[in-house]
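A quick write-up on the structure given underneath.
All values reported here derive from a predicted model rather than from experimental measurement.
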Amino acid sequence: MSQCPQLYNPKLVCAAALLFTPIFGAALQAKNWMALGEPDNARASRMWIRSSLWLIVMYLVVQTLFRNEPVMDWLGPYFLVVLWGAWMLTSGWQQLVVVSRTIGKNYDSLPMGRAIILGAAGWLAYGLITVTITLGLVLTGIEPLSALTETPKEEQNGVIIRVPKEGEAPIVEPLPKEKEASGTAAQH
């Protein structure tokens, strides 16, 4: 009877990779592939680590160049979900199938605590890099500090329609601006 391999739980690895990016998932899967005696698949997983790192660096550049675009409000989560989905379809799912078909649950599960701490450290590093880029933009004058602290004000396109008591024709007026409305209320 052969000895049970020591693996990170493949299902947990794939689920955690959604939170910690495919860099996390591919690194743990590469270790699993080596434990399973499949160095070619481990090499493919390490390729995902490098590819994901480059894509995240490219995203940081895009995030910096297009920082004032509304699309950037939702592009980050969308980017991460698409990256995770591409990894799952091309590499992540393969290990789930191989482990399920060959050894099932007959493996010694490795603890994931250290790996999760490293994944959280990765997010911390990403946050620090983003803050450093923002600070650099402010210090060089490219992005004024006021643009970061002010909330953008949307124009109101609404109108008020009044019908005078003695007149027949309704009167259409634009909605008053907030500053004018609060100033008028303070005077009365």
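In this structure, A120 and F20 approach most closely via the heavy-atom pair N-CE2, 3.6 Å. Listed here is the closest heavy atom pair of P39 and M34: CA-SD, 3.8 Å. Considering all non-hydrogen atoms of both residues, A115 and F24 come closest at O-CE1, 3.1 Å. Here the closest heavy-atom approach between residue S45 and residue A26 is recorded as O-CB, 3.3 Å. A pairwise comparison of heavy atoms in V172 and I161 identifies CG2-CG1, 4.2 Å as the closest pair. In terms of heavy-atom proximity, G25 sits nearest to V13 at O-CG1, 3.6 Å.
Under a hydrophobic-cluster definition in which Ile, Leu, Val, Met, Phe, Trp and Tyr are linked whenever side-chain heavy atoms come within less than 4.5 Å, directly or via other members, I56 and I49 are assigned to the same cluster. Placement of Y59 and F66 within a single hydrophobic cluster is found when ILVMFWY residues are connected by side-chain heavy-atom separations under 4.5 Å, directly or transitively. Note on V71: it clusters hydrophobically with V61, by side-chain heavy-atom contacts below 4.5 Å among ILVMFWY residues. A single hydrophobic cluster is not seen to contain both Y8 and I103; linkage of ILVMFWY side chains at heavy-atom distances under 4.5 Å, directly or through other members, places them apart. Placement of W48 and V98 in two distinct hydrophobic clusters is found when ILVMFWY residues are connected by side-chain heavy-atom separations under 4.5 Å, directly or transitively.
For Y126, the OH atom is densely surrounded, since the number of other residues' heavy atoms within 6.0 Å is greater than 12. Within a 6.0 Å radius of CE in M47, no more than 12 heavy atoms belonging to other residues, nucleotides or ligands are found.
Ring planes of W74 and Y78: perpendicular class, angle over 60° (limits at 30 and 60°).
One N or O on the side chain of W123 and one on the backbone of L19 form a donor-acceptor pair closer than 3.5 Å. In this structure, the side chain of T134 engages the main chain of T130 through a donor-acceptor pair within 3.5 Å. A donor-acceptor pair under 3.5 Å links the side-chain atoms of Q29 to the main chain of G92, judged by distance alone. A donor-acceptor pair under 3.5 Å is formed between the side chain of W84 and the backbone N or O of C14.
Atom CG of L53 is separated from atom CE of M58 by 13.0 Å, given to the nearest 0.5 angstrom. To the nearest 0.5 Å, atoms CG (L80) and OG1 (T21) are separated by 7.5 Å. Atoms CH2 and CG, on W87 and L55 in that order, are 14.5 Å from each other to the nearest 0.5 Å. Taken to the nearest 0.5 Å, the OG1 atom of T140 stands 9.5 Å off from the CG atom of L135. Annotation: the span from L7 atom CG to K105 atom NZ amounts to 13.5 Å, rounded to 0.5 Å. With values rounded to the nearest 0.5 angstrom, L110 atom CG is found 11.5 Å from L12 atom CG.
Side-chain atoms of Q94 and W33, non-hydrogen and from C-beta on, do get closer than 4.5 Å to each other. Residues V99 and P10 are in side-chain contact: their nearest non-hydrogen atoms beyond the backbone lie under 4.5 Å apart. Q63 has its side chain within reach of L60: a pair of non-hydrogen atoms, C-beta onward, lies under 4.5 Å apart. L28 is listed as a side-chain neighbour of M112, based on a closest heavy-atom distance under 4.5 Å. Using a 4.5 Å cut-off on side-chain heavy atoms (C-beta onward), R67 and I142 make contact.
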Please assess L18 against M88 for the test side chain to side chain contact (heavy atoms under 4.5 Å, CB included), listing each intermediate value before the final yes or no.
CA-CA 10 Å; L18 181 58; M88 277 300 293; over 6 Å; no
